[in-house]
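Only one structure is covered here, and it is reproduced in the block below.
Only this structure's heavy atoms are used, side chains among them; waters, hydrogens and symmetry mates stay out. Every chain is numbered from 1 and lettered A, B, ... according to where its sequence line falls, protein lines coming before strand lines.
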Amino acid sequence: MSNESSLETAQAPTGPLTFAVPKGRLHDDIRTLFAARNMPFEFENRKLVTDDQTGSVRFMLVKNSDLPVYVHHGIAGLGVCGDDVLYESGFDFVRLLTFPFGGTRMCLAARRDHDPAQDRGRLTVATKFTRFARDFFHNRGIPVEVIKLGGSVELAPVLGLAPYIVDLVETGSTLVANNLAVTEELTRISVHLIANPAYYKFHYAAVNRLVDALRDNDNSTPQRSEA
Amino acid sequence: MKPDLRGRLRIPQGTEGFYLDEAYRHNMLTADVQRLLYRWGYLPVQTPVFDFYDSYAGLLSAEESRNVYRLIDREGDLLMLRSDVTLFLAKQMGMILTTEDLPMRVCYADTILRHQHPDDISKNEFFQTGVELIGPDDINADAEVILLLQQTLATIGIDRYFIHVGSRALFNAAFPDLDAPSARALRRAVVLRDTGTIRDICTGLRVPPDRADLLLELFAFIGSDRELAALTARFDAVFTEAEREEIIRVRSLAALLSEAGDGERVRIDLSEIGSQPYHTGVVFQAYVDGLDSSVAAGGRYDRLYGVFGFDVPAVGFSVMLRKLQEQTAGNDRYAPPQPARATGTAFVERVRDAEMRRSRGESVSL
């Protein structure tokens with residue numbers, strides 16, 4: 001090759017990276033991680049947008065289930081999201097890291113006294129995760145009828161709406177309290193740092209620096225996504 | 001009595017209308033780009049709005065196959081609406097071109113119709129403007145279309161962009177024996193930088209670990225020629241001859257672009273492997289600051305024309321001008337004129353006044 005020195009990496013214009021933070025159970029873990037990397041941030045006085053103290057990242061506080069929408073549309077270039085929400089969104093993202101926190105299980109559960117012989121080769125499932133449930137069982141060649149619920153999914157078998165539920169299970173205590181039991185763990189759910197693919201391409205150098213910083217060596221070290 | 005509008009004003013997914021200021025801006029942008037393309041020696045072509053589905057069925061990506069609109073004509077044949085100008089163009093040009101016509105440079109500006117998810121109307125992929133350079137298969141031709149894309153973006157005032165250049169040929173050289181479903185899964189994993197899936201597929205193919213490491217790093221690479229040289233030197237013993245050749249081609253192209261155009265706007269990106277099943281060689285996409293997806297895509301498709309009986313290489317790009325419209329909002333050139341009123345008491349007097357002022361370049365209404 002001649003002319004080797006003429007082409008240097010072209011850098012994107014500078015400015016804070018945009019980062020969607022989900023409300024709810026992951027919020028404190030994310031704040032703790034950034035604080036440990038000397039990039040603390042806080043949403044004060046009900047504000048929903050804030051910069052970290054170094055000014056390198058602009059955080060946006062959004063509802064967990066809406067986070068993929070904001071990142072897909074490039075409003076936030078980056079975000080933190082679990083496999084469950086990502087799958088339901090149907091959008092494609094670059095997965096840059098898998099975090100050590102927030103992991104859980106997606107499970108099929110039923111009443112303890114449910115007899116699988118009553119299923120007659122097909123399942124009726126109540127769930128918030130309709131896309132996942134439909135694809136999971138169809139990919140196994142199992143016919144499934146999916147009933148969408150917005151919450152309190154455990155009620156469905158108790159009240160007779162559906163014999164099965166597909167839901168996230170952490171400790172299993174809600175299942176036990178409702179006389180339900182896990183029939184099968186369908187998949188593990190991990191939490192990822194995601195990026196809008198085009199945003200990643202444009203800002204790849206700055207994003208990679210942030211990823212390296214978040215992956216810094218200590219006990220909370222996230223791993224490169226092996227989703 | 002008010003008309004009953006219930007349901008009458010619904011808009012089907014995959015189509016759009018634009019009006020007044022927005023339509024003016026669109027027409028001006030398209031005209032500016034077309035003038036540029038003519039100056040580069042590209043002649044216009046128009047493709048049919050629909051064609052027989054069977055002509056293209058094997059050439060559609062899985063996503064496109066889901067998203068094309070199909071209809072049945074009076075004879076019972078399955079038709080598809082134009083969802084990708086390149087496909088329709090290959091058939092049309094293949095029917096009329098002869099080897100004496102080569103090289104042939106053509107350009108187009110056409111609507112395309114395909115389904116978009118109701119929750120995802122952001123893509124604005126309803127209108128393609130683009131070029132094809134048919135005949136040559138050397139890197140000068142690759143460089144010509146990328147330089148023309150750069151000029152296209154510059155012409156409409158877009159300067160915060162990067163063109164990422166990769167190679168489908170390198171991907172094909174690295175994974176020569178993949179079946180179609182595995183190839184699709186692997187291409188998707190590369191594009192989404194899904195290292196877990198790439199490693200799984202490598203394991204399934206019994207790729208040795210040191211070579212799997214190379215492939216993971218290679219197809220995640222974005223950077224400069226110097227950085228790519230360092231990577232290739234590190235893995236030199238693991239490369240095949242075919243891979244080496246393709247990397248040299250990408251590096252040569254990048255060097256040529258750097259010398260001939262704005263090299264600052266070009267990055268080597270080996271995760272760019274082309275979104276279409278018909279891509280064969282160099283591929284590229286343009287990314288603009290603040291936009292949620294690429295605004296232009298292109299590459300080489302040396303076997304596409306052969307499918308339609310005229311076996312000739314080709315390279316081209318298409319740009320989604322509708323995505324760029326907002327980026328040109330501050331450019332007065334694309335703001336619609338505010339017409340003055342013609343003066344005069346009689347109609348004919350106003351016509352004469354308007355004619356005179358229009359000849360001076362003013363916009364005048366009667």
Side-chain angles (χ1 to χ4, degrees), chain A residues 1-15 17-18 65-66 68-79 83 86 88-98 131 188 190 192-208 211 223-227, chain B residues 63 117 119-123 159-164 188-189 191-200 216 220-230 232 247-248 251-259 262-269 271-272 285-295:
Chain A
M1 285 292 301
S2 60
N3 209 359
E4 186 173 297
S5 61
S6 62
L7 195 75
E8 294 301 319
T9 310
Q11 296 299 318
T14 54
L17 295 173
T18 50
S65 57
D66 292 339
V69 179
Y70 282 99
V71 178
H72 174 72
H73 288 268
I75 305 303
L78 307 166
D83 288 315
L86 289 175
E88 290 306 303
S89 78
F91 299 134
D92 285 332
F93 301 103
V94 175
R95 296 182 189 198
L96 297 164
L97 288 174
T98 299
R131 185 186 175 99
R188 289 259 163 193
S190 299
H192 306 280
L193 172 61
I194 61 166
N196 172 297
Y199 184 90
Y200 177 78
K201 288 292 178 83
F202 194 88
H203 298 280
Y204 81 95
V207 173
N208 285 350
V211 170
Q223 302 299 309
R224 264 213 181 276
S225 278
E226 299 266 336
Chain B
E63 187 183 355
H117 193 278
D119 296 337
D120 183 21
I121 56 169
S122 65
K123 299 302 180 201
D159 56 3
R160 291 163 69 86
Y161 73 88
F162 290 106
I163 295 177
H164 285 223
R188 180 180 154 80
V191 168
L192 296 178
R193 312 178 82 76
D194 178 355
T195 52
T197 300
I198 299 172
R199 199 176 280 284
D200 287 348
L216 277 169
F221 177 87
I222 306 175
S224 67
D225 180 56
R226 187 169 47 81
E227 289 162 333
L228 180 56
T232 52
I247 288 173
I248 287 171
R251 293 184 60 197
S252 302
L253 174 61
L256 188 57
L257 290 168
S258 181
E259 203 175 337
D262 185 359
E264 284 292 301
R265 302 283 107 200
V266 177
R267 294 161 164 172
I268 299 175
D269 179 350
S271 68
E272 293 288 346
Q285 293 199 80
Y287 300 95
V288 172
D289 194 14
L291 293 184
D292 60 2
S293 54
S294 69
V295 297

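- Summarising the geometry of A:Ala198 relative to B:Ser293, their closest heavy-atom pair is CB-CA, 3.5 Å, with the distance given to 0.1 Å.
- A:Phe93 and B:Leu192 get closest at one heavy-atom pair: O-CD2, 3.6 Å.
- In the displayed structure, A:Tyr70 atom OH is contacted under 6.0 Å by at most 12 heavy atoms of other residues, nucleotides or ligands.
- Contact annotation: the side chain of B:Ile222 approaches that of A:Lys201 to within less than 4.5 Å [non-hydrogen atoms, C-beta and beyond].
- To the nearest 0.5 Å, the span separating NE2 on B:His164 from CZ on A:Phe202 amounts to 8.0 Å.
- In this structure, chain A has no heavy atom under 4.5 Å from any part of B:Leu228.
- Residues A:His203 and B:Asp289 have side chains in contact (heavy-atom distance under 4.5 Å, counting atoms from C-beta outward).
- To the nearest 0.5 Å, atoms CZ (B:Phe162) and OH (A:Tyr204) are separated by 8.5 Å.
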